[in-house]
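Inspection log for the structure reproduced underneath, given as structure tokens.
On a predicted model such as this, the values are computed, not experimentally measured, just so you know.
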Amino acid sequence: MYFYHLFSFLLWIQSVLSLPPQHTFHSSQQQQQQQKNDTVFIDLSKYLNNKGASGHGSNFDGTGAYFKHPIPSNIGTLSFQISPAEKNPPSFDNLVSLGQTIPLPSLSFGSIYLLCSVNHGPLVTNLVIVYQDGSHTTTTLNLPDWQVQHTDQITRLDFISHPLNTNDQAILLSVPLLLDPSKPVSHLVLPYTNPIRSFRSSLHIFGITALLHTTSDIKIISVKGTTRWYKDKPYYQIITVDLHNTSPNWLHDISILIYGSLLKTKYEGHLKRLAPGHKSTIEVVIYTVRKTREPTEILVEVLNTDRNLLIEPVQIKNVEIGLDLEFNPTSIQTHTSPSWFQSAKFGIFIHWGLYSLPSWAPVGHEYAEWYWWNYNRKYSSTYYYHRSFYGPDIEYDHFIPVWDPTHFNPKAWLDLIQASRAKYFVFTSKHHDGISLFNTSVNDRSTVKMNPYRDFLKELLDTAQSSFPHLKRGIYFSLPEWFHPSYHDASINWNGPPTNPYTGKVVSYTNAPPVTDFVNQVQVPQILELIHNYHPDIMWCDIGGINNSSAWQSLFINQAKSTTGRQVVMNDRCGNAVSDFSTVEYSAIDYVPERSWEAVRGIDPHSFGFNHQTKPEQYASTISLLHELISTIAKGGNFLLSIGPEGSGRVPDIMIKTLHEIGTWIDQVEEAIFDTIPYWVTSSDFNEIEQPLYFMQSKNGKSIYVFSLQRPLGERLVIKSSLPLHPNSIITLLVSSSVHLNWRIFSNERLIVDVPDHILDLEKLVWVFKIEAP
């Protein structure tokens with residue numbers, strides 16, 4: 001009887017989650033025939049100049065490394081024509097892009113894709129499609145190195161991993177190019193990258209596939225099963241579907257559904273607009289009873305606003321369906337940053353601790369929060385400052401009994417973060433001085449067991465949870481300690497115990513006795529305390545060094561999921577290869593990283609914590625910080641901006657003023673910041689003198705946002721990059737959204753937007769324009 005009921009239950013589940021009876025899968029033969037009819041392979045045989053795969057004579061990158069096996073001819077639903085790799089004598093199988101012009105059939109194509117890879121990347125370059133009428137479109141390629149790490153976290157590009165002769169893995173990319181489907185093409189102009197033995201970035205192209213117009217308006221390019229789920233409990237998996245509009249017509253109100261064995265669509269994916277020749281990634285939320293990730297065959301439907309099929313349902317194989325109940329040290333490599341982190345865009349860092357009392361460093365040159373370390377460097381500026389101001393007998397730990405944080409007010413701090421319109425914050429629970437600002441049982445070197453006898457972390461996070469529940473809570477934790485008596489790490493040259501730099505004598509490291517194993521008796525137990533007792537959404541490690549982070553990383557993710565359904569995230573400074581996002585500190589990058597990332601800096605010109613030497617005019621201006629925010633999000637990153645309260649807990653006036661100004665500006669342009677994704681064609685346009693532009697696009701495909709970092713000159717905005725423009729598009733300045741601006745396309749393909757001075761006068765910081773399709 002038991003087996004009968006079990007069998008009946010399984011049949012019921014199958015019937016509930018089965019494919020819709022009115023639709024059937026394409027057979028493999030039908031699928032291949034459809035692909036064949038849609039596809040034109042561009043002949044590259046005259047231009048091949050490198051052998052990158054399979055056998056004698058291969059040398060992809062100039063060092064002798066190459067793909068071990070013949071190049072696969074399929075990525076996602078696309079096929080490519082690959083030149084034979086093995087002949088006698090050896091033949092070339094790819095072209096290194098050196099400015100070649102590739103003729104194209106005189107046809108109107110729906111889209112063009114490259115099968116390519118990059119050595120010594122990342123690579124940023126432009127590729128131009130020229131049409132029969134002499135016009136052109138340009139796509140900026142932002143491509144990672146072929147041996148990039150964290151490939152499971154690459155979401156913006158389609159790729160496959162392929163083995164090398166070195167027994168490593170490398171990636172082959174399927175890269176879309178922007179084109180106008182209404183125009184017959186003439187040729188491709190490839191960028192000049194570099195010869196392979198220059199040991200600089202080289203673009204290798206193995207194949208070029210063009211998709212013709214068909215009776216279908218849209219092409220499903222790929223489908224991916226993510227490790228993310230929709231909101232919190234219950235766990236509904238997010239599936240991403242890449243679509244390309246291969247027709248000359250705008251598509252409106254698209255819906256996407258997914259069917260398959262033991263799964264069904266819970267929330268459809270939706271797209272308001274998709275311009276001709278453009279692509280978009282849409283998220284579909286599914287329900288499945290699968291408890292592990294398994295390659296699964298699914299059916300994808302694309303519907304129009306009348307709920308009619310835009311194309312025949314498409315069968316896709318080997319989509320990872322299901323969410324693992326728990327991550328382990330192996331599967332955690334597939335964990336990716338959650339949707340909330342990717343959408344957050346802006347966060348506030350709070351650097352505060354004992355170092356906030358001396359709070360001194362040469363402005364713009366050293367970290368003030370590294371005060372103890374800096375004055376231990378003989379003959380440094382801080383070495384002389386400490387000796388002259390405090391005297392050679394005053395040790396760092398002597399600041400502990402005089403710390404009087406009378407102005408520490410977690411509500412006031414969080415009010416300020418709220419005013420800035422940041423979506424998350426990160427607080428320093430323990431810096432490199434080893435003083436925990438939380439209740440730890442590992443040792444007594446904490447603000448709970450020593451003066452000022454308070455659990456600052458708990459006070460802040462409790463207030464956030466009760467009064468600011470929409471703010472995600474992050475905890476910073478330094479893995480190493482400069483001078484712990486038992487910390488010894490030759491890789492970073494940090495060793496305890498501390499000494500007096502003026503006398504050379506060993507000094508006390510208050511309330512932290514020696515241990516036999518710093519990592520497993522101090523570092524790991526304290527991180528576990530933070531996970532179990534303080535429940536962070538972000539674990540923000542620092543420095544790395546010696547570690548045993550695999551002892552807590554899976555637990556961090558699993559506990560958040562099992563207890564509250566939260567999706568948590570960790571950075572790339574935990575000392576091992578496991579992380580969800582990378583961090584870039586006090587520097588700009590000129591490319592789009594392949595995975596989630598975060599730009600980190602302080603309002604101070606160099607310090608994250610408070611530096612009482614910094615004068616108000618030396619702090620970063622609101623305008624310059626907004627420029628960094630915009631540049632970062634346009635490249636797919638988050639911007640984490642640090643404030644440094646004084647030792648008393650008071651936030652300096654200049655920092656308060658700056659955060660309020662940022663928040664006021666964000667209030668006016670919020671839709672362009674948080675409801676957007678990077679524009680897939682290019683992140684920026686620096687073609688016009690003194691008018692740097694950045695671009696974002698709305699998640700629903702309806703709008704493009706143009707950020708002009710300077711006031712447009714001559715009452716007009718000039719855009720040379722290719723944007724999706726509907727003939728009836730409405731262009732406005734966001735701070736004056738009721739005023740529709742006149743625009744036109746010149747014969748040189750520049751978009752000119754007329755912006756009267758009285759409209760421009762409404763903005764003083766950054767001018768944000770909205771281009772909205774009807």
Side-chain angles (χ1 to χ4, degrees), residues 142 144 150 153-156 226 228 281 335-351 417-418 420-428 464 468 470-476 536-542 566-574 579-603 608 620 622 624-643 658-659 662-663 665-666 669-679 683-684 694-699 705 707 766 768:
N142 271 279
H150 306 290
Q153 298 172 356
I154 298 175
T155 57
R156 66 178 180 85
T226 76
R228 297 180 285 123
T281 301
H335 188 261
T336 59
S337 59
S339 300
W340 69 259
F341 184 78
Q342 297 175 25
S343 300
K345 309 288 179 66
F346 182 38
I348 298 298
F349 217 162
I350 306 172
H351 270 71
I417 293 170
Q418 173 66 19
S420 77
R421 297 303 183 255
K423 301 297 185 183
Y424 64 99
F425 67 90
V426 179
F427 178 65
T428 48
F468 303 86
H470 56 283
L471 289 176
K472 297 293 184 178
R473 304 178 293 278
I475 293 179
Y476 165 105
D537 299 303
I538 306 166
M539 184 58 74
W540 214 100
C541 305
D542 202 8
R566 291 179 301 119
Q567 300 179 72
V568 295
V569 66
M570 67 189 106
N571 72 342
D572 62 345
R573 302 186 184 191
C574 301
S579 63
D580 298 315
F581 66 95
S582 56
T583 54
V584 179
E585 182 174 313
Y586 268 106
S587 60
I589 61 173
D590 59 2
Y591 64 97
V592 178
E594 68 282 351
R595 66 170 184 152
S596 294
W597 68 286
E598 185 179 65
V600 189
R601 65 154 299 155
I603 299 177
F608 289 96
T622 300
S624 68
L625 293 173
L626 288 178
H627 288 185
E628 290 192 48
L629 167 65
I630 293 162
S631 172
T632 298
I633 66 173
K635 300 184 184 82
N638 287 5
F639 187 53
L640 183 62
L641 180 63
S642 185
I643 60 173
T658 297
L659 293 192
I662 290 174
W665 180 82
I666 288 178
V669 300
E670 182 176 11
E671 66 179 84
I673 303 293
F674 300 117
D675 297 329
T676 54
I677 55 177
Y679 180 43
S683 63
S684 60
Y694 285 97
F695 304 112
M696 297 290 284
Q697 64 184 66
S698 61
K699 293 177 181 178
Y705 298 92
F707 296 79
V766 176
V768 184

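The salt bridge (charged side-chain N to carboxylate O under 4.0 Å, His left out) check on R421 picks up D667, with sequence neighbours excluded. Applying the side chain to side chain donor-acceptor pair (under 3.5 Å) rule to D542 yields the partners Y476, R573; only residues at least two apart in sequence or on another chain are considered.
Partner of L659 under the side chain to side chain contact (heavy atoms under 4.5 Å, CB included) criterion, chosen from L625, I603, T622: I603.
With a 4.5 Å cut-off on side-chain heavy atoms, Q418 and H470 count as touching. In this structure, the side chains of Y694 and I633 stay at 4.5 Å or more apart for every pair of heavy atoms. For the pair I350/T428, no side-chain contact is recorded, criterion being any heavy-atom separation below 4.5 Å from C-beta on. Side-chain contact between V569 and D537 is absent, with no heavy-atom pair separated by less than 4.5 Å. Counting heavy atoms from C-beta outward, Y705 and E671 have side chains that approach closer than 4.5 Å. The shortest side-chain heavy-atom distance between V600 and S642 does not fall under the 4.5 Å cut-off.
L641 contributes atom CG, which lies 9.0 Å from atom CG of L629 (distance to the nearest 0.5 angstrom). Taken from CD in Q697 to CG in D675, the straight-line distance is 13.0 Å, to the nearest 0.5 Å. A distance of 12.0 Å separates NZ of K423 from NZ of K472, quoted to the nearest 0.5 Å. Atom-to-atom distance recorded for F346:CZ and I662:CD1 is 4.5 Å, nearest 0.5 angstrom. Atom OG1 in T658 sits 9.5 Å away from atom CG in L626 (nearest 0.5 Å).
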Checking W665 against I673 for the side-chain contact (heavy atoms from CB on, under 4.5 Å) test, could you report, in this order, the C-alpha distance in whole Å, the side-chain angles of both residues, the deciding distance, and whether it holds? CA-CA 11 Å; W665 180 82; I673 303 293; 4.0 Å; yes

Stepwise, does the side-chain contact (heavy atoms from CB on, under 4.5 Å) test hold for R595 with D572? CA-CA 12 Å; R595 66 170 184 152; D572 62 345; 3.9 Å; yes

Step-by-step side-chain contact (heavy atoms from CB on, under 4.5 Å) determination, E598 to F341: CA-CA 10 Å; E598 185 179 65; F341 184 78; 4.1 Å; yes

Worked verdict on M539 versus V568 for side-chain contact (heavy atoms from CB on, under 4.5 Å): CA-CA 8 Å; M539 184 58 74; V568 295; over 6 Å; no

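Nearest heavy atom pair, residue W597 against residue K635, reads NE1-O, 3.0 Å. For the pair S579 and H150, the tightest heavy-atom approach, listed with the atom from each and the gap, is OG-CE1, 3.7 Å. Taking every heavy atom of both residues into account, A672 and T676 meet most closely at O-OG1, 2.9 Å. Contact between R473 and A464 at its shortest, heavy atoms only, is CD-CB, 3.8 Å. Closest approach of K699 to I677, counting heavy atoms only: CG-CG2, 3.9 Å. Counting all heavy atoms, side chain and backbone alike, S596 lies closest to S337 at OG-OG, 2.6 Å.
With hydrogens and angles ignored, the 3.5 Å screen pairs a side-chain donor or acceptor of Y586 with a backbone N or O of G602. Remark: side-chain polar atoms of R601 are not paired, donor with acceptor, to backbone N or O of F639 under 3.5 angstrom. Remark: the backbone N or O of E628 is paired with a side-chain donor or acceptor of T632 at under 3.5 angstrom. In this structure, S420 contributes its side chain and I417 its backbone to a donor-acceptor pair below 3.5 Å. Looking only at distances, no side-chain donor or acceptor of N571 sits under 3.5 Å from a matching main-chain atom of F581.
Under the 30°/60° scheme for interplanar angles, the aromatic rings of Y424 and W340 are found to stand perpendicular. Relative orientation of the F349 and H351 rings is perpendicular, given thresholds of 30° and 60° on the angle between their planes. Between F695 and Y679, the ring-plane angle classifies as perpendicular under the 30° and 60° cut-offs.
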